[in-house]
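Model, not experiment: these values are computed from the prediction.
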Amino acid sequence: RRGPAGRCRPRRCRGPAERGEPPAWRRALPAPMAEVSLDPPIGLPDAAMLMTAAQRLVAIPEATERQEAIATLFKLVDGVLGAPEEPKKRRVKKANETFHRKVGRFAAGVDFLRACGFVESDDPDVEGDAARGALLSMPVAYMMRLTDAHHTLARAAHEVGIDAPPVPGSSFNPYQSNMQAADTTRTAKAPESWKGEAERLREEVKKRQREMREKVDAAPPIDMRPSAFWQAAGRRLEEVIRDSAPLDEERAADNAILQSQVALAKAAINGANSKFESADKRRLAELSHKRVHEFCVLRVVCPDKSVLQAHFRACERGEQVLALLAPLLAPEVQKLGWYIYQSPPLKRLNPKETLAAAGLAPGANMYLGFEGGARPPPPYLESSLASQLGPPPEVSRGVNAAAGPTLSGEAMGWGVGQKF
């Protein structure tokens with residue numbers, strides 16, 4: 001082509017922008033890293049919202065739903081703590097079926113995530129109105145708030161007997177961009193003697209746990225000795241347990257406790273406890289003087305305050321206990337869907353769990369419940385047991401009544417769960 005003066009104008013090449021391509025400097029850069037901050041959070045809800053939401057989560061009535069919600073929240077929070085610079089760990093689709101079933105349908109779960117730093121955002125992978133607010137994403141990962149969230153949820157979970165995972169380690173280094181030091185020569189190595197001692201302690205713990213389980217499983221058959229009485233007129237549960245325990249078992253438990261106390265006193269004199277003590281060593285010390293209960297006294301409190309008492313082996317599973325209790329209940333009760341539970345918090349007897357594993361040995365108070373709230377009228381016990389009740393006692397509090405709370409089996413730690 002010719003210009004105004006008739007001279008030829010050279011043909012101009014189109015640049016990347018005109019060709020619809022990004023410039024070379026932008027194409028060479030990797031995807032931007034999500035923002036991570038070690039400073040106190042800015043613009044997030046108050047930290048008290050974490051505790052409030054966690055308390056509402058552990059108050060979910062159904063145990064399975066409560067455990068799934070807490071486990072999923074741990075997975076989401078710990079996923080960001082473990083890899084805060086990874087964008088995929090910091091976004092979740094609200095319409096995800098699994099997320100909605102386990103967390104999304106509970107307002108407490110969503111509030112907990114908001115307090116962690118999640119906010120509603122549009123989904124770039126979805127078109128139209130469905131993309132608006134379809135994600136819960138974390139624009140800035142505040143490590144201080146996420147750590148607080150983990151510990152808050154762990155404390156709440158511990159209150160209802162749910163184990164919490166440890167705080168995950170993070171490879172995030174704000175002072176290091178692309179390279180990571182890997183000098184293994186500077187890594188401190190434990191001496192072989194310490195490794196051998198640690199392995200020995202670990203094996204001793206496993207051996208002691210195995211012996212305790214075997215002792216529970218080898219318990220001889222026991223007479224149920226069912227009895228019935230009114231709750232206000234019965235003996236204290238710990239007195240019944242004390243009378244039911246064999247004398248040699250009592251002496252063995254006392255000797256074990258005395259031996260452990262003597263060992264602790266010797267260690268204190270010799271200065272053995274002045275240094276760090278491993279978790280396996282402490283666990284072994286606890287197991288050495290822990291008493292193994294082979295039998296269990298269960299009390300089932302009925303809605304009319306009548307009580308059914310029976311004796312079981314601690315190795316009996318929940319389904320076996322329910323099958324043995326069924327003939328002792330009234331025919332009207334047996335026709336309905338019934339179960340026994342502890343409260344608070346409400347925890348049903350697990351059919352697949354032994355009484356020892358559930359922490360019900362050597363004794364526990366349970367309650368009779370009905371599916372769907374359909375409760376039959378009294379009596380709730382079969383005729384021969386109901387005849388033992390007699391007229392219900394009058395509920396009164398005279399001048400000679402004991403004032404204030406009294407110690408019970410639950411106050412002494414029974415029914416809180418023990419693991420061998």
> Hey, does V300 have a side-chain heavy atom less than 4.5 Å from the side chain of Y367?
Replying inline: no
> Could E239 and R242 be called an ion pair, given the rule that one side-chain N must be under 4.0 Å from one carboxylate O?
Replying inline: no
>> Are R299 and V240 packed together at the side-chain level, in the sense that at least one heavy-atom pair is separated by less than 4.5 angstrom?
In response: yes
> Can you find a pair of side-chain heavy atoms, one from M366 and one from L360, that are under 4.5 Å apart?
Replying inline: yes
>> Could you measure the distance from the SG atom of C116 to the CG atom of L44? Nearest 0.5 Å is fine.
In response: 9.0 Å
>> Salt bridge or not between R317 and E353? Use side-chain N to carboxylate O under 4.0 Å.
In response: no
> Can you check salt bridge (charged side-chain N to carboxylate O under 4.0 Å, His left out) on E319 and K352, steps first, answer last?
Replying inline: CA-CA 7 Å; E319 55 189 1; K352 301 300 181 182; 3.4 Å; yes
>> Are S227 and L385 packed together at the side-chain level, in the sense that at least one heavy-atom pair is separated by less than 4.5 angstrom?
In response: no
> Is any side-chain heavy atom of L328 less than 4.5 Å from a side-chain heavy atom of L381?
Replying inline: no
>> Can you pull out every salt bridge (Lys or Arg N to Asp or Glu O under 4.0 Å) where at least one residue sits in residues 369-383? Sequence neighbours excluded, please.
In response: R348-E371
> salt bridge (charged side-chain N to carboxylate O under 4.0 Å, His left out) with K94: which residues, sequence neighbours excluded?
Replying inline: E120
>> Regarding D123 and R132, does a basic nitrogen lie under 4.0 Å from an acidic carboxylate oxygen?
In response: no
> Looking at CG of L76 and NZ of K102, how far apart are the two atoms once the value is rounded to the nearest 0.5 Å?
Replying inline: 10.5 Å
>> Can you tell me how far apart CD1 (I162) and CD1 (I70) are? Round to the nearest 0.5 Å.
In response: 3.5 Å
> Who pairs with Q388 by side-chain hydrogen bond (donor to acceptor under 3.5 Å, both in side chains), at least two apart in sequence or on another chain?
Replying inline: none
> Can you check whether L81's main-chain N or O pairs, donor with acceptor, with D78's side chain at less than 3.5 Å?
Replying inline: no
> Do P61 and L346 come close enough that some side-chain heavy atom pair is under 4.5 Å?
Replying inline: no
> Hey, are the side chains of P40 and Y142 touching, using non-hydrogen atoms and a 4.5 Å cut-off?
Replying inline: no
>> Test: ring pair (Phe, Tyr, Trp, His ring centres under 6.0 Å). Region: residues 208-233. Which pairs qualify, not counting sequence neighbours?
In response: none
> Is the closest basic N to carboxylate O distance between E238 and R236 below 4.0 Å?
Replying inline: yes
> Should the pair R145-D39 be classified as a salt bridge under the 4.0 Å nitrogen-to-oxygen rule?
Replying inline: no
>> Do L355 and L349 have side chains that approach each other closer than 4.5 Å (heavy atoms only, starting at C-beta)?
In response: yes
>> Can you pull out every salt bridge (Lys or Arg N to Asp or Glu O under 4.0 Å) where at least one residue sits in residues 321-341? Sequence neighbours excluded, please.
In response: none
> Does a salt bridge link R105 with E65, judged by any charged N lying under 4.0 Å from a carboxylate O?
Replying inline: yes
>> Once ring pair (Phe, Tyr, Trp, His ring centres under 6.0 Å) is applied, what residue pairs with a partner in residues 44-78 remain, sequence neighbours excluded?
In response: F74-H150
> Would you find a donor on one side and an acceptor on the other, under 3.5 Å apart, between the side chain of Q334 and the backbone of L329?
Replying inline: yes
> With distance as the sole test, does S387 use its side chain to make a donor-acceptor pair with the main-chain N or O of S384 at under 3.5 Å?
Replying inline: yes
> Atom CG in L50, atom CZ in R155: separation rounded to 0.5 Å?
Replying inline: 9.5 Å
